[in-house]
Amino acid sequence: MLNKHSPVPLYLQLKKLLETQVTNGDLPPHGRVPSERELSEQYDISRMTARQALTELIQEGRLYTSRGKGTFVAEPKIRQSVQSLTSFTEDMRARGFTPTTRLVRLEQTTASDTIAARLRIPDGSPVVCIERLRLADDEPMALETACLSFEGVERLLHMDHDGSLYAVLREHFGIIPCEAVQEFDAVLALPRERALLQLNEGSPVLRIQRTTFDAVQRPFEFVQSIYRGDRYRFVARLVREGDV
Ligand code: 16G
């Protein structure tokens, strides 16, 4: 119930209440949320108040609307630590999802100046680029384009890429990812990226660029990943260093 005498605005109380129902499973993922009218009747509040609570929850990605059908509960976001060097396959398995991969592009090409600089190789050196759609329980999560350079890299062109790339690198090339540098920025997904990730126009996505180094500090991959903003939240634990 909402408390009309509380200093906490009614829309915030309703928002909290709906959030609790989502968290404790009373409102399950993809379950229908009562409409503005239903909420206003149920809690004896104005439709404006109900709308404000719903709008904020939609903006925060907790709920989504489906035109003509109503408002529904979004899937919870995957909390991904950005402190340990893991692979997509490991991350998804650790969460109990079944990872799958759809190969979009596999080619040998020459390194552009950006890629060459990241991989510390001369411009125009041969690289193998692998673009893959990564899915969890059949739902597209990220689109990753990895450009790789190391001794014998062209052998990748004749291998399967429907599983873990890091497993292939370990088993066939003895390459162990030991360290990585990641950069994050928000971008607008391109139409083809939206189509592959099954996103609507204007959906937020996060771009992550990773340069990964092997055991002797040699960069062997530069990966650009487009992650669905509605399904991911990246988490870092920060420690204060020294006196400020
Ligand atoms: C992660 C990495 C990506 C790496 C891939 C290997 C980020 C942002 N990206 O998705 O750089 O190539 O794992 O995963 O974390 P795999 O071994 O399952 O193919």
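Just so it is clear, the structure is predicted and the values come from calculations on it, not from any experiment. Atoms within each ligand, like the ligands themselves, are counted from 1 in listed order.
Under the 4.0 Å criterion applied to side-chain N and carboxylate O atoms, Glu38 and Arg32 are assigned as salt-bridge partners. With respect to Arg118 and Glu183, a salt bridge is recorded, a charged nitrogen being found less than 4.0 Å from a carboxylate O. With salt bridges taken as basic N to acidic carboxylate O contacts below 4.0 Å, none links Asp162 and Arg102. Residues Lys15 and Glu60 are paired through a salt bridge, judged by an N-O separation under 4.0 Å between the basic side chain and the carboxylate.
For Arg218, the CZ atom sits in a packed shell: over 12 heavy atoms of surrounding residues, nucleotides or ligands are nearer than 6.0 Å.
Taking every heavy atom of Val223 and a limit of under 4.0 angstrom, the matching atoms of ligand 1 come to 11 (O), 12 (O). The contact set between ligand 1 and Gln182, taken as ligand atoms under 4.0 Å from a residue heavy atom, comprises 7 (C), 8 (C), 15 (O). Applying the 4.0 Å criterion to heavy atoms of Arg132 picks out, from ligand 1, the atoms 19 (O). Close contacts of ligand 1 with Ser87, meaning ligand atoms under 4.0 Å from a residue heavy atom, involve 6 (C), 13 (O), 14 (O), 16 (P), 17 (O), 18 (O). For ligand 1 and Glu221, the ligand atoms under 4.0 Å from any heavy atom of the residue are 4 (C), 11 (O), 12 (O).
Nearest protein neighbour of atom 17 (O) of ligand 1, counting heavy atoms only, is Ser164 OG, 2.5 Å. For atom 13 (O) of ligand 1, the closest heavy atom belonging to the protein is Phe88 N, 3.0 Å. In terms of protein heavy atoms, atom 4 (C) of ligand 1 is closest to Tyr166 OH, 3.4 Å.
Remark: Arg155 is positioned above the aromatic ring of Phe173, its terminal NZ or CZ atom under 6.0 angstrom from the ring centre and at most 45 degrees off the axis.
Comparing Gln224, Arg134, Arg210, Arg207 by heavy-atom distance to atom 15 (O) of ligand 1, the nearest is Arg210. Of the options Thr145, Thr211, Leu165, Thr89, the smallest heavy-atom separation from atom 19 (O) of ligand 1 is shown by Leu165. For the residues Arg170, Glu144, Gln209, the heavy atom positioned nearest atom 10 (O) of ligand 1 is part of Glu144.
Inspection of the Thr145 and Gln224 side chains reveals no N or O donor paired with an N or O acceptor under 3.5 Å.
Using modelled atom types, one side-chain atom of Arg95 and one backbone atom of Asp91 make a donor-acceptor pair closer than 3.5 Å.
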